[in-house]
There are 2 protein chains.
Amino acid sequence: MYTIGAMSKATGVKVPTIRYYEEIGLLDEPGRNAGNQRRFDQAGMDALGFIKHARDLGFSLDDIRALMGLDGQLGDDCVEADQIARSQLENVRERIAKLEQLARELERISHLCDGGNGGCCKVLTALGDHSQCAGDHG
Amino acid sequence: MYTIGAMSKATGVKVPTIRYYEEIGLLDEPGRNAGNQRRFDQAGMDALGFIKHARDLGFSLDDIRALMGLDGQLGDDCVEADQIARSQLENVRERIAKLEQLARELERISHLCDGGNGGCCKVLTALGDHSQCAGDHG
DNA sequence: TGTAGTTGCTCTAGCCACTAGAGCTTCAAG
DNA sequence: CTTGAAGCTCTAGTGGCTAGAGCAACTACA
């Protein structure tokens, strides 16, 4: 049996966040002790670990809900779980591509001010004038 | 003189978002016509274009507020504007690095299910077990 | 057994950057 | 003069938490 604090320490998920996950039905309500404090079992710990890992991988809580709903019925649903993971991968790759475009743009803008002083600064101008951009970010 | 709809069309910022920017003091309150409708001038249009471009580049509204506050006093403040831009670039690069780590992890997980069928699926297991991960994402 | 300090509880409100909807008024075209 | 689009204000909701108030319960030590 784990206290909420022990769960937090073990998984790295903050205490109010654990309560939040319970509130939105992502974590099953744990039992309580005589003093009304939560006492989690191993299943709760595993579930929270799963959620944490999936969150770190960028899955939304809705994705995670779907993934957890599939659990225990690994079979046909394998396909569904795999699809969620692949769509997340797609998503991440798109975000990387977009951010790389932005990085190039920001580099260009920063180079306009390489000296720093001297009244040469075009940073604000560059930000105000999209037509100077190389690619079509955003 | 531009209506809010014309501003929206010209910049790609949605009408309620323009009102929101005004509400939080990012955009100056425009004049109104006899019927209490907003009428923006060129300065308002330029400001909105600036905000849009900066938002697309990933700047927070607070960053933008700071950048706009510098406007008109390009000189020493050039340094400050440049710093904001560079720190944003740093930020973007960090996000890219993190996402690339995640993409690798998701690729690994997806490969576990390459066939799709056959009861071989380890996607959920992999998500539940961080110790299988190569790097330390998250 | 007492007490101090930590951890737990519930509840409300706030964060960012919008977005949606209700219910109304004003404008522009025909 | 009517119709339909566009405008107005206001409230509430989104995701994923985070912060704080004000209290109760647990734990370690004297």
Side-chain angles (χ1 to χ4, degrees), chain A residues 1-27 29-41 44-45 47-48 50-68 84 88 91 95 98 102 138, chain B residues 1-27 29-41 44-45 47-48 50-68 84 88 91 95 98 102 138:
Chain A
M1 288 298 182
Y2 307 100
T3 65
I4 197 168
M7 294 274 286
S8 174
K9 233 177 232 170
T11 60
V13 179
K14 289 182 188 165
V15 167
T17 305
I18 297 174
R19 287 197 276 250
Y20 170 73
Y21 288 161
E22 181 191 326
E23 188 190 323
I24 63 169
L26 200 60
L27 269 182
E29 291 187 24
R32 302 282 180 132
N33 72 351
N36 197 35
Q37 300 194 345
R38 290 168 181 80
R39 290 295 180 265
F40 293 87
D41 57 14
M45 179 70 90
L48 186 57
F50 181 95
I51 295 168
K52 175 61 159 64
H53 194 191
R55 284 296 293 141
D56 284 346
L57 289 170
F59 291 89
S60 73
L61 295 185
D62 261 6
D63 282 339
I64 294 172
R65 211 188 294 271
L67 287 165
M68 292 181 82
I84 294 172
Q88 178 58 19
N91 188 341
R95 276 153 71 197
K98 206 167 171 193
L102 296 189
Chain B
M1 287 300 181
Y2 307 100
T3 64
I4 197 167
M7 294 275 284
S8 174
K9 233 178 232 171
T11 60
V13 179
K14 289 183 187 164
V15 167
T17 304
I18 298 173
R19 287 197 276 250
Y20 170 74
Y21 288 160
E22 180 191 329
E23 189 191 321
I24 62 169
L26 201 58
L27 270 182
E29 290 187 24
R32 302 279 181 135
N33 73 351
N36 196 35
Q37 300 194 344
R38 289 168 182 80
R39 290 294 179 266
F40 293 87
D41 57 13
M45 178 70 91
L48 186 56
F50 181 94
I51 295 169
K52 176 62 159 65
H53 194 190
R55 283 296 293 142
D56 285 346
L57 290 170
F59 290 87
S60 72
L61 295 185
D62 260 6
D63 281 340
I64 294 171
R65 210 188 295 271
L67 286 165
M68 293 181 82
I84 293 172
Q88 179 60 21
N91 188 340
R95 277 154 70 197
K98 208 169 168 188
L102 296 188

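Chain naming here is simple, since letters A, B, ... match the order of the sequence lines and numbering starts at 1 in each.
- Contact check, Thr17(A) against dT18(D): a side-chain N or O comes under 4.0 Å of OP1 or OP2.
- Within the 4.0 Å cut-off from OP1 or OP2 of dC8(D), not a single side-chain nitrogen or oxygen of Arg39(B) is found.
- Look at Tyr21(A) and you'll find a side-chain N or O under 4.0 angstrom from OP1 or OP2 of dC17(D).
- Close to dG15(D), at under 4.0 Å from its OP1 or OP2, lies no side-chain N or O of Arg55(A).
- Proximity of Arg38(A) to the phosphate of dT10(C): a side-chain N or O atom is located under 4.0 Å from OP1 or OP2.
- When distances are taken from the side chain of Ser60(A) to each of dG16(D), dC27(C), dC26(D), the shortest belongs to dG16(D).
- OP1 or OP2 of dC26(D) sits under 4.0 Å from a side-chain N or O of Asn33(A).
- Rounded to an integer number of Å, the gap from Tyr20(A) OH to dC11(C) C1' is 16 Å.
- Distance NZ (Lys14(B)) to P (dA6(D)): 16 Å, rounded to an integer number of Å.
- Taking the side chain of Gln37(A) as heavy atoms from C-beta on, and the options dA25(D), dG16(D), dT26(C), the nearest nucleotide is dA25(D).
- Atom-to-atom, CD of Glu29(B) to P of dT9(D) comes out at 10 Å; the value is rounded to the nearest Å.
- Evaluated for a side chain to side chain contact (heavy atoms under 4.5 Å, CB included) with Ile51(B), the options Ile18(B), Leu26(B), Thr11(B), Thr17(B) yield exactly one hit, Leu26(B).
- Contact between the side-chain N/O atoms of Arg19(B) and the OP1/OP2 oxygens of dT9(D) is not found at any separation under 4.0 Å.
- Thr3(A) has no side-chain polar atom (N or O) that falls below the 4.0 Å cut-off from OP1 or OP2 of dC26(D).
- As judged by a 4.0 angstrom heavy-atom cut-off over every strand, Ile4(B) is placed among residues touching the sugar-phosphate backbone only.
- Heavy-atom distances to DNA chain D give each of Gly5(B) and Pro16(A) a nearest nucleotide, and the one nearer the 5′ end belongs to Gly5(B).
- Nearer the 5' end of DNA chain D, as judged by each residue's closest nucleotide, is the contact made by Phe59(A), out of Phe59(A) and Ala34(A).
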